[in-house]
Amino acid sequence: MLDIKLIRDNPDAVRARLATRGGGDEARVGDIAALDEQRRKLLTESEGLKAERNKVSKEIGLLKLKGQDVSAAMARMKQVGDRIAALDTEIAAIDGKLQNIALMIPNLPHPSVPIGKDAAGNSEVRRWGEPPKFTFQPRPHWEIGEKLGVLDFPRAAKISGSGFILYKGAGARLERALINFLLDIHTREHGYTEISPPFLINRNAMIGTGQLPKFEEDMYRLRDDELYLAPTAEVPVANIHREEILPEEQLPIRYCAYTPCFRREAGAAGKETRGMIRVHQFDKVELIKFTKPETGYDELEKLVANAERVLQLLGLHYRVVLLCTGDMGFASAKTYDIEVWAPGQKAYLEVSSCSNCEDFQARRANIRFKSADGKHRGFVHILNGSGTALARLYVALLETCQQADGSVKLPEVLAPYLGGVTEIKPE
RNA sequence: GGAGGGGUGGCAGAGUGGUCUAAUGCGCACGCCUGGAGAGCGUGAGUUCCGCUAACGCGGGAUCGCGAGUUCGAAUCUCGCCCCCUCCGCCA
């Protein structure tokens, strides 16, 4: 959520920055400013009347003790009370409208973000490694996986429908190994605290990070309870400190969490529907940071480096892309994507999206910080980044490490997580 | 899921319709005292919104789990919800 005072004081600047996203949200800035002004006018009147009522009511109490007649004052205050009630009803209605609009407006892009209207406007920041060379035509992961008997898409569809994955045998073990590998790197080498959060999320938490109210149709929701399946660990983990004031000296707080991620992805059919590139459920290890405002962007660079480290250790070729204004997520002020090379697809796949949401989510979730002397305070900045998404990492691994005979030779770093096994061979 | 108990400031804990501007204690900050510390004494402290101000500030509203309601006036009374504790049921 944007700072209402920023809209109040610099509506044109806010409009201009929103316009670079291309979502048309700048049109609502005027509505917010107008409602805000109306609200404050009514508030001033209501609060003045409340001050009077408080004062007179106190006097009534004292006069009553002395046995004096106070019926006239009581009648007058009844009138005042009715007027206050009317004003407050009006104010509540405006608050409701204001919230409805404010919660739907995306974050302002950081000045360092390139302006563009879609992915074509993104800019590549760097590449690491080289695409692997093959003496044969590299196969796509679904062929590799099915031939090895480690992935079974038809049976996953039998259980759940299209867009779900069933891992089997060494394939299931590889998934589990990757989760442990990622968690170990980030907790042992990068200083993150491991979190295992709930996967079912209430509505307020979903609003806190920005999934709701705007993206309701992308979320899985339970029928009988107001609960949603976590679309990313960012939601439960960023909400850990909801409604809290954190001591400044605790910052930055770094968490990492494994969760499955559930996404309806309505209307995503077509490209990328084959295999496990775009699915309704995938595993992910997520990194979350709570920082002071002034360190947020340094921490973002470190976060990206932490996510990259995973791919470096696995020896996977990748590139880092800075998203343009039009391609960024709703809550983000600046986002880097990390895209890993998948030889079977002849494409880079997004396995990580690292964002600084600044105070956008902290405002919604009301997460603040305060120095010991109380002088330095404000909303924390919240960052999140995949470290990394598993399904696509799995794709890149199978396709990069495939051998001519159909087997897969896995990186040595995974051996301890696979009971010493480094090769998956046909059964 | 059922029954009962509870939710008050950083913490503990009093308060069941009117100086509650929330007692008291602990803890905290500052000052006095001291060679220094402690004790003692004093002062002050949450969060948030609105208005005025160049600013330091000043005035006001709200806030006793959350939301409605009754009343001139609600921490206190009524209703709904959430969470915690105890017991029962069910259960990996």
Side-chain angles (χ1 to χ4, degrees), chain A residues 1-10 32-103 196-208 212 222-228 236 239-251 260 290 359 361-380:
Chain A
M1 199 157 57
L2 301 183
D3 184 359
I4 184 70
K5 285 173 188 157
L6 188 66
I7 293 175
R8 198 183 289 162
D9 298 337
N10 296 297
I32 291 185
L35 285 168
D36 174 57
E37 195 179 333
Q38 198 188 344
R39 177 181 174 278
R40 275 149 57 218
K41 205 178 125 219
L42 295 171
L43 198 61
T44 301
E45 184 183 350
S46 171
E47 289 185 350
L49 291 174
K50 282 176 183 168
E52 184 189 357
R53 183 178 66 181
N54 287 346
K55 185 164 151 272
V56 175
S57 289
K58 202 167 286 182
E59 288 165 5
I60 288 174
L62 292 171
L63 292 172
K64 249 187 163 176
L65 279 177
K66 295 182 196 158
Q68 298 190 21
D69 177 41
V70 290
S71 52
M74 277 170 64
R76 193 158 59 82
M77 285 306 104
K78 172 75 178 151
Q79 301 275 306
V80 169
D82 290 346
R83 176 65 184 152
I84 289 170
L87 285 166
D88 284 355
T89 301
E90 230 180 310
I91 291 167
I94 291 172
D95 277 340
K97 281 186 207 168
L98 221 38
Q99 280 288 307
N100 284 343
I101 300 171
L103 287 175
S196 183
F199 303 159
L200 294 178
I201 315 288
N202 67 33
R203 192 174 169 82
N204 276 339
M206 294 287 277
I207 289 171
L212 296 181
L222 300 202
R223 192 188 61 193
D224 294 329
D225 299 280
E226 184 90 8
L227 290 171
Y228 298 79
N239 276 286
I240 286 175
H241 296 296
R242 196 148 65 85
E243 307 287 343
E244 289 184 26
I245 299 173
L246 303 167
E248 184 182 27
E249 60 272 19
Q250 278 182 16
L251 303 177
F290 299 82
D359 63 3
Q361 295 175 322
R363 274 178 201 287
R364 290 172 161 246
N366 197 23
I367 305 173
R368 291 166 288 171
F369 72 93
K370 192 167 81 169
S371 59
D373 62 10
K375 282 178 183 156
H376 196 202
R377 57 166 81 186
F379 288 100
V380 298

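Below, chain A is the first sequence line, B the second, and so on; all start at residue 1.
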Distance, C1' atom - from rG80(B) to rG10(B), rounded to whole angstrom: 31 Å
G-U wobble or Watson-Crick pairing nucleotide for [N] (cut-off 3.5 Å, both distances):
{"N": "rU86(B)", "answer": "rA3(B)"}
{"N": "rU19(B)", "answer": "none"}
{"N": "rC26(B)", "answer": "rG10(B)"}
{"N": "rA92(B)", "answer": "none"}
{"N": "rG51(B)", "answer": "rC58(B)"}

Phosphate OP1/OP2 of rG51(B): any Arg40(A) side-chain N/O under 4.0 Å: yes
Residue whose closest nucleotide on RNA chain B lies nearer the 5' end, Asp36(A) versus Leu62(A): Leu62(A)
Considering heavy-atom distances to RNA chain B, does Ile60(A) or Arg377(A) have its closest nucleotide positioned more toward the 5' end? Arg377(A)
Can you name the closest pair of heavy atoms from Arg39(A) and Leu98(A) and give their distance? CD-CD2, 4.0 Å
Separation of [X] atom [atom1] from [N] atom [atom2], in whole Å?
{"X": "Leu65(A)", "N": "rC72(B)", "atom1": "CG", "atom2": "P", "answer": "18 Å"}
{"X": "Leu98(A)", "N": "rC49(B)", "atom1": "CG", "atom2": "P", "answer": "14 Å"}
{"X": "Ile91(A)", "N": "rC49(B)", "atom1": "CD1", "atom2": "C1'", "answer": "11 Å"}
{"X": "Arg8(A)", "N": "rG51(B)", "atom1": "CZ", "atom2": "C1'", "answer": "11 Å"}
{"X": "Leu49(A)", "N": "rG59(B)", "atom1": "CG", "atom2": "C1'", "answer": "16 Å"}
{"X": "Glu59(A)", "N": "rG18(B)", "atom1": "CD", "atom2": "P", "answer": "18 Å"}
{"X": "Lys64(A)", "N": "rU71(B)", "atom1": "NZ", "atom2": "C1'", "answer": "10 Å"}

[X] side chain: which of [options] is closest?
{"X": "Lys50(A)", "options": "rC72(B), rG61(B), rC49(B)", "result": "rG61(B)"}
{"X": "Leu43(A)", "options": "rG73(B), rC49(B), rU71(B)", "result": "rC49(B)"}
{"X": "Ala51(A)", "options": "rG60(B), rC72(B), rC50(B)", "result": "rG60(B)"}
{"X": "Met77(A)", "options": "rC49(B), rA62(B), rC72(B)", "result": "rC72(B)"}
{"X": "Lys370(A)", "options": "rC72(B), rU47(B), rU21(B)", "result": "rU47(B)"}
{"X": "Ser57(A)", "options": "rG18(B), rA62(B), rC49(B)", "result": "rG18(B)"}

Below 4.0 angstrom, N of the basic side chain to O of the carboxylate: do Arg76(A) and Glu52(A) qualify? yes
Could you tell me whether Lys5(A) contacts a base, only the sugar-phosphate backbone, or nothing, with contacts defined as non-hydrogen atoms closer than 4.0 Å? sugar-phosphate
